[in-house]
Amino acid sequence: MNAPGTAGPAGAARTARTARKALVIGGGIAGPVTALALRRAGIEAEVFEAYETSAEGIGGVFMIAPNGLGALAVVGLEAEVARIGQPVGPMVIEDGKGGTLAEFAGLPDLPRGRLMRRAEMYEVLQRRLRETGVQVRYGKRLVGAEETADGITAHFADGTSATGDLLIGTDGTGSTVRTLIDPAAPAARYTGLLGVGGYSPYRLPGRAGRGETVHFANGARAFFGYWGLADGSGTAWFSNIPQPERLSHEQARAVSPEDWLRRCRELHADDLPAREVLRVADAGTVETFPRLEIMPSVPHWYRGRMVLVGDSVHAPSNSSGQGVSLAVESAVELARCLRDLPDHTEAFAAYAALRRPRVEKIAADAERTNNQKASGPVGRMVFRLVAPIMMRTFMSPEKMLRPVHGYRIDWERRVVPVAPAASVVRPRRAGRAA
């Protein structure tokens with residue numbers, strides 16, 4: 001495997017022919033990984049972040065699944081990511097009454113996924129960007145782009161601009177780049193669920209208390225997830241609360257952490273062990289995530305010199321456990337396509353053809369899970385009744401996990417062109433965003 005910064009298996013001749021500069025819009029997780037993958041493909045990248053400062057210490061907890069770890073290994077981050085967070089052991093599905101419906105031990109030939117705070121992953125990425133010389137520009141909120149035969153210029157709200165050969169949107173579910181590619185593109189859809197999470201000193205018994213299992217319980221009125229901290233000091237938890245009316249971040253913050261914790265305690269008053277975990281939970285650690293969203297199928301992933309990566313084009317709901325993993329997969333696949341196909345239109349078409357079927361199937365499966373979470377008491381009762389049958393038949397770990405967790409990107413394999421899709425929007429001047 002070539003070291004980061006090299007052009008891949010086809011050699012230096014192809015590097016000289018395809019080298020160019022990409023403007024990466026969005027400095028969260030997908031943007032830095034995209035920049036690092038492009039660098040390995042021999043393409044210069046610069047990252048532009050809308051916020052005025054970096055995001056150290058900000059964000060909740062997410063999981064990087066085995067397939068996401070495989071994608072991160074391609075850009076040389078395997079060892080660093082393995083040192084943060086904690087490994088994910090068996091996943092246990094519970095009935096909310098203390099009973100177990102099923103246990104998925106994972107696939108023995110795959111690495112264990114890792115649970116971590118977003119801030120931990122962000123720190124790793126920022127350090128690697130500095131080490132590799134990739135520039136991150138803050139306070140650069142994209143408002144428009146102008147495309148010419150030779151390149152594309154991004155315009156920012158502060159009156160500045162930047163020019164490159166490509167513009168890559170890694171700017172999340174509220175993507176400006178998506179609207180520049182297609183003003184009629186669908187917006188992210190609210191799932192009907194609000195996330196609340198935090199920490200509790202409650203210690204789970206046995207191996208659960210040592211962080212060896214992650215539990216998901218379908219409670220009487222809300223969905224509850226929890227796991228023991230690796231050091232045995234307590235329990236991390238979250239609740240997906242049915243919330244028909246979508247709240248803004250400001251509205252969610254207007255409710256105190258104590259009140260959110262009180263609401264969770266009321267919703268899980270009849271659920272075990274949620275009731276006990278929440279009884280002693282620390283309100284000072286409570287965080288609220290009102291924007292649990294899913295991206296509908298986006299017709300146009302690219303136009304001209306612009307293309308989308310990550311949540312801007314394929315955000316599955318949090319129920320999938322795949323948001324970050326799919327984003328880093330797409331970052332690596334886009335870099336591979338640009339490495340091997342000198343014409344960016346051919347590269348974008350190949351990228352979309354490689355990624356769309358996979359990400360849309362995972363998103364559809366997660367949406368079905370969301371519907372079950374928000375289905376109300378009767379729906380949750382029906383699920384508890386039929387779940388044991390499902391687990392004995394078509395929901396085996398091999399059938400459920402292998403297609404998702406076992407997916408690997410072969411960086412050394414050459415990408416071949418695909419026939420252009422009839423639905424591709426043809427290049428034109430990209431006006432200012434509203």
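Here, residue 1 is the first one in the sequence, and each next residue gets the next number. These values consider heavy atoms only, across backbone and side chains, with no hydrogens, waters or symmetry-generated copies.
- Put simply, the side chain of Arg303 gets close to the backbone of Leu180: a donor and an acceptor are under 3.5 Å apart.
- Between Arg178 and Ser312, the side chains place no donor N or O within less than 3.5 Å of an acceptor N or O (distance only, hydrogens not considered).
- Asp259 has no carboxylate O lying under 4.0 Å from a charged side-chain N of Arg263, or vice versa, which leaves the two without a salt bridge.
- The pair Glu49-Lys140 fails the salt-bridge criterion, with no side-chain N (NZ, NE, NH1 or NH2) lying under 4.0 Å from an Asp/Glu carboxylate O.
- The side-chain contact (heavy atoms from CB on, under 4.5 Å) with Leu125 is formed by just one residue from the set Met121, Glu123, Arg128; it is Met121.
- For Tyr138 and Tyr51, the gap between ring centers reaches or exceeds 6.0 Å.
- Between His314 and Trp301, the ring planes are tilted. Angles from 30° to 60° get that label.
- With 3.5 Å as the limit, one finds no donor-acceptor pair spanning the side chains of Asp150 and Thr148.
- The six-membered or imidazole ring of Tyr202 lies away from that of Trp237, with a centre-to-centre distance of 6.0 Å or more.
- A cation-pi contact, defined as under 6.0 Å to the ring centre and within 45° of the axis, is absent between Arg265 and Trp260.
- Contact check on Glu333 versus Arg358 returns no salt bridge, with no Lys/Arg side-chain nitrogen under 4.0 Å from an Asp/Glu carboxylate oxygen.
- Within the cation-pi definition used here (under 6.0 Å to the ring centroid, within 45° of the axis), Arg118 does not qualify as a partner of Phe62.
- Partner of Asn67 under the side-chain hydrogen bond (donor to acceptor under 3.5 Å, both in side chains) criterion, out of Gln322, Arg408, His405: Gln322 alone.
- Side-chain atoms of Glu146 and Thr153 form no donor-acceptor pair, as typed in the model, at a separation below 3.5 Å.
- Ion pairing between a basic and an acidic side chain is recognised when a charged N comes within 4.0 Å of a carboxylate O; Glu329 and Arg355 show such pairing.
- Counting only N and O atoms by type, the side chains of Glu94 and Asn218 include no donor and acceptor under 3.5 Å apart.
- Taking the charged nitrogens against the carboxylate oxygens, Arg39 and Glu44 have no contact shorter than 4.0 Å, which rules out a salt bridge.
- Under 4.0 Å is where a charged nitrogen must lie from a carboxylate oxygen, and between Asp109 and Arg402 at least one such pair does.
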